[in-house]
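None of these values were measured; they are calculated from a predicted model. Heavy-atom basis, side chains included; hydrogens, waters and symmetry copies ignored.
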Amino acid sequence: MKHTHLLSEPSDSKLGRQDYWNAVYKEEASFSWYAGWDDIQPFCADFFEKDSRVLLPGVGNDATVADMFNGGYIHLTAMDYAPEGIERCREMLGESRVKTESQSTGVELLVADARDLTNIFEDHLFDAILEKGTLDAIFLSGGKDKKEAQKNLSMAISELGRCVKPGGIFFSITAVAVDQVQTTFNGMEEWDCLVDKDSLYVTEDGYASNNIDANLLVFRKSTEAQRCKDF
């Protein structure tokens, strides 16, 4: 398991501290944030393929990564701010489904801070990002200082977004910071909003996004960003 550089932790918010999350994950082996894989799979299937390379930030003790892998999504990378979260993920997957130096197939696991992924992931590495509540926790880690909260959120969206290929998808399920997430993406020219906070998204099979206990937001990275960069 890889460990990476982490930024400084806040003094007035437990949600931004490793010790808090380590304790949470030690006490609870599994918990699905906002929705389980069965709830969101129909929507994910509309926006990215099973052979897509997908990053799941803040995976913690959520069984979604294991369920995705079992469902045929085999190119997965899962990260969390807390080492205990990655240990719970490892336990849910089982050693045979974890990628290692000696095992080329499986889910890649690492401890990382979503606000700073420098020297961890190169630009345009993933086809999609799937996050459930991670951006909410990052926003809340700012505590009472709303400027710090927005700074943390903007840093995370910028860094995670940097890692998405042009034409790739950022799939977010958020409840606490819906407006802030939407506004941050809207302020970035390289992102097109496919599903916004006021939309009811319904799949061809009749699955409706209002059955999720949070807001579904979906953004696509513009291919124009790559063309401009190439000149």
Side-chain angles (χ1 to χ4, degrees), residues 1-7 9-10 13-41 44 50 52-117 120-121 125-126 128-141 152 156 159-160 163 170-177 212-214:
M1 176 178 62
K2 296 180 182 179
H3 290 259
T4 61
H5 171 69
L6 305 177
L7 299 181
E9 296 187 333
S13 174
K14 62 185 180 182
L15 295 178
R17 296 202 298 268
Q18 271 192 341
D19 58 357
Y20 169 76
W21 289 110
N22 281 332
V24 168
Y25 296 140
K26 282 182 179 179
E27 292 177 4
E28 194 164 23
S30 179
F31 180 80
S32 290
W33 296 89
Y34 299 146
W37 175 239
D38 288 343
D39 300 313
I40 63 173
Q41 184 278 331
C44 291
K50 285 189 175 182
S52 298
R53 190 168 185 180
V54 183
L55 172 64
L56 293 91
V59 66
N61 56 355
D62 195 315
T64 293
V65 63
D67 293 337
M68 285 186 73
F69 190 84
N70 291 342
Y73 293 80
I74 58 173
H75 303 295
L76 302 178
T77 299
M79 54 176 265
D80 198 271
Y81 186 66
E84 283 295 331
I86 293 301
E87 287 306 314
R88 297 294 79 73
C89 188
R90 180 186 297 278
E91 291 170 1
M92 284 186 284
L93 286 167
E95 292 299 329
S96 64
R97 292 179 291 178
V98 175
K99 188 175 182 179
T100 64
E101 292 182 0
S102 60
Q103 185 168 280
S104 60
T105 59
V107 180
E108 183 177 9
L109 302 178
L110 68 156
V111 175
D113 188 332
R115 297 171 299 170
D116 183 8
L117 300 172
I120 303 170
F121 300 132
L125 183 61
F126 297 100
I129 287 180
L130 168 58
E131 76 87 17
K132 297 195 296 143
T134 301
L135 294 180
D136 285 352
I138 291 172
F139 179 76
L140 291 173
S141 72
N152 287 339
E159 271 296 272
L160 290 168
C163 305
F170 199 118
F171 192 101
S172 174
I173 297 178
T174 171
V176 176
I212 299 174
D213 292 332

- L55 vs L160 side-chain heavy atoms within contact, under 4.5 Å: yes
- Item | Validation row: M79, V111 side chains within 4.5 angstrom (heavy atoms) | no
- Please name all residues satisfying ring-ring contact (aromatic ring centres under 6.0 Å, His included) with F126, sequence neighbours left out, ordered by chain then number. F121
- Task: Please examine the side chains of L135 and F170, heavy atoms only from C-beta on, and report whether any two atoms are closer than 4.5 Å.
- Result: yes
- Query: For N22, what residues pass the side chain to side chain contact (heavy atoms under 4.5 Å, CB included) criterion, not counting sequence neighbours?
  - Reply: Q18, A82, P83, E84
- Message: So F171 and C44, do their side chains get closer than 4.5 Å, heavy atoms only?
- Response: yes
- Message: Can you tell me how far apart NZ (K50) and CE (M68) are? Round to the nearest 0.5 Å.
- Response: 10.0 Å
- Apply ring-ring contact (aromatic ring centres under 6.0 Å, His included) to F69 and list each qualifying residue two or more places apart in sequence or on a separate chain. none
- For T105, enumerate each residue passing the side-chain hydrogen bond (donor to acceptor under 3.5 Å, both in side chains) test, keeping only those at least two apart in sequence or located in another chain. none
- Item | Side-chain heavy-atom pair C89, L109 within 4.5 angstrom cut-off | yes
- Task: Drop me the distance from R53's CZ to I129's CD1, to the nearest 0.5 angstrom.
- Result: 12.0 Å
- Message: For a 4.5 angstrom cut-off between non-hydrogen side-chain atoms, does I212 reach I173?
- Response: yes
Side chains of residues 28-36: which donor-acceptor pairs under 3.5 Å do they make with residues two or more places apart or in other chains?
{"from": "Y34", "atom 1": "OH", "to": "D136", "atom 2": "OD2", "distance (Å)": "2.6"}

- Task: Identify, with sequence neighbours excluded, every residue that meets side chain to side chain contact (heavy atoms under 4.5 Å, CB included) alongside T134.
- Result: P57, E131, I138
- Are L130 and I40 close enough that some pair of their side-chain heavy atoms sits under 4.5 Å apart? yes
- Item | side-chain hydrogen bond (donor to acceptor under 3.5 Å, both in side chains) against S102, all qualifying residues, sequence neighbours excluded | T100
- Query: Considering residues at least two apart in sequence or located in another chain, which fulfil the side chain to side chain contact (heavy atoms under 4.5 Å, CB included) criterion with A128?
  - Reply: F48, V54, I169
- All ring-ring contact (aromatic ring centres under 6.0 Å, His included) counterparts of Y25, not counting sequence neighbours: W21
- Do any pairs count as a salt bridge (Lys or Arg N to Asp or Glu O under 4.0 Å) and have a residue in residues 91-107, sequence neighbours left out, and if so which ones? R88-E91, R90-E95
- Task: Enumerate the residue pairs fulfilling salt bridge (Lys or Arg N to Asp or Glu O under 4.0 Å) with a member in residues 29-39, sequence neighbours excluded, ordered by first and then second residue.
- Result: none
- Task: Name all residues meeting the side-chain hydrogen bond (donor to acceptor under 3.5 Å, both in side chains) criterion together with D62; count only those two or more places apart in sequence or in a different chain, and write none if there are none.
- Result: T64, K132
- Message: Quick one, V59 and I86 - any side-chain contact, counting heavy atoms below 4.5 Å?
- Response: yes
